[in-house]
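Working notes for the structure below.
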Amino acid sequence: QEQLVESGGGLVQAGGSLRLSCAASGRILSIGAMGWFRQAPGKEREFVASLSYNIGTTTYSNSVKGRFTISRDTAGSLAQLLMNNLEPEDTGIYYCALRRNYGLGYVVGDYDAWGQGTQVTVSS
C-alpha cells in the first residue's frame with residue numbers, strides 16, 4: 001500500500017501563495033494520476049486538481065482554476081500544488097491522492113492511496 005506525505009501548508013494572508021508537496025514514504029507500484037483534494041470544517045472533501053502522470057494533462061475545479069497549478073516534481077516528490085492569490089475560502093486540510101489507473105480522477109473514489117493532509121489557513 002502506497003503511503004503519501006503532504007508538506008508545505010501553513011498560515012498565509014489573502015492574496016498570498018503557498019506550495020504544497022506530496023512525497024511517497026513507501027514503495028510506489030504505479031501511478032496513473034495524482035490529485036489534490038481539500039476539506040473545510042463541516043464540509044465534505046472536495047476535488048481541487050488532477051494530473052495525468054504519463055501525458056501531463058491537468059484539470060481543476062472551477063473555484064481554483066487560474067490560481068492553482070498542479071505539477072510533477074523533479075526534486076523527488078510525486079506532485080506539487082502551487083497556490084497563488086489565496087482566498088479565505090481556500091482554508092482547509094489539503095490531501096494528496098494517488099490513482100493507479102490511467103486517466104484523470106475527479107472524485108474521492110477514483111483514488112487508491114491518500115496522505116494524512118496538511119492544514120492551509122488563509123486570513124482575510
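It should be emphasised that the depicted structure is a prediction, and the values quoted were computed from it without experimental measurement.
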Going by the rule ring pair (Phe, Tyr, Trp, His ring centres under 6.0 Å), which residues pair with Tyr95 if we only count those two or more places apart in sequence or in a different chain? none

Can you sort out the partners of Ser52 under side chain to side chain contact (heavy atoms under 4.5 Å, CB included), two or more places apart, ordered by chain and number? Asn54, Ile55, Thr57, Leu104

Could you work out, with side chain to side chain contact (heavy atoms under 4.5 Å, CB included) as the rule, every residue matching Ala14, not counting sequence neighbours? Pro88, Val122

All salt bridge (charged side-chain N to carboxylate O under 4.0 Å, His left out) counterparts of Arg19, not counting sequence neighbours: none

Show the numbers, then the answer: is there a side-chain contact (heavy atoms from CB on, under 4.5 Å) between Asp90 and Arg67? CA-CA 11 Å; Asp90 295 317; Arg67 300 187 298 124; 2.8 Å; yes

Pairs satisfying ring-ring contact (aromatic ring centres under 6.0 Å, His included), at least one member in residues 10-37, at least two apart: Phe37-Phe47, Phe37-Tyr111, Phe37-Trp114

Write out all pairs satisfying disulfide bond (SG atoms under 2.5 Å apart) with one or both partners inside residues 26-66, taking only residues at least two apart or from two chains. none

For Ala23, side chain to side chain contact (heavy atoms under 4.5 Å, CB included) partners two or more places apart: Ser77

Can you list everything that forms a side chain to side chain contact (heavy atoms under 4.5 Å, CB included) with Ser7? Sequence neighbours excluded, please. Ser21

Tightest non-hydrogen contact, residues Leu98 and Leu78, listed as CD1-CD1, 4.4 Å

Is the backbone N or O of Asp110 less than 3.5 Å from a side-chain atom of Arg99, with the two atoms forming a donor-acceptor pair by type? yes

If only atom types and distance count, is the side chain of Gln116 paired as donor or acceptor with the main-chain N or O of Glu6 below 3.5 Å? no

So Met34 and Arg72, do their side chains get closer than 4.5 Å, heavy atoms only? no

Can you pull the side-chain hydrogen bond (donor to acceptor under 3.5 Å, both in side chains) pairs that have at least one residue in residues 23-32, sequence neighbours excluded? Gln3-Ser25

Gap separating the CG atom of Leu81 from the OG1 atom of Thr118, nearest 0.5 angstrom: 11.0 Å

Quick one, Leu86 and Gln13 - any side-chain contact, counting heavy atoms below 4.5 Å? no

Shortest non-hydrogen contact from Tyr106 toward Thr59: CE2-CG2, 3.5 Å

Looking only at atom types and distance, does a side-chain atom of Ser50 sit under 3.5 Å from a main-chain N or O of Gly105, one as donor and one as acceptor? yes

Any pair with a residue in residues 6-51 that passes disulfide bond (SG atoms under 2.5 Å apart), sequence neighbours left out, goes on the list, sorted by first then second residue, please. Cys22-Cys96

State which residues pass salt bridge (charged side-chain N to carboxylate O under 4.0 Å, His left out) with Glu46; sequence neighbours excluded, sorted by chain then number. Arg38

Rounded to the nearest 0.5 angstrom, the CD-CG distance for Gln80 and Leu51 is 11.5 Å

Using the side chain to side chain contact (heavy atoms under 4.5 Å, CB included) definition, which of the options Leu20, Leu11, Ile93 pairs with Val120? Leu20

Which residue pairs pass the ring-ring contact (aromatic ring centres under 6.0 Å, His included) test when at least one of the two sits in residues 53-72, sequence neighbours left out? none

With the side chain counted from C-beta on, respond yes when Glu44 and Val108 share a heavy-atom pair under 4.5 Å apart, and no when they do not. no

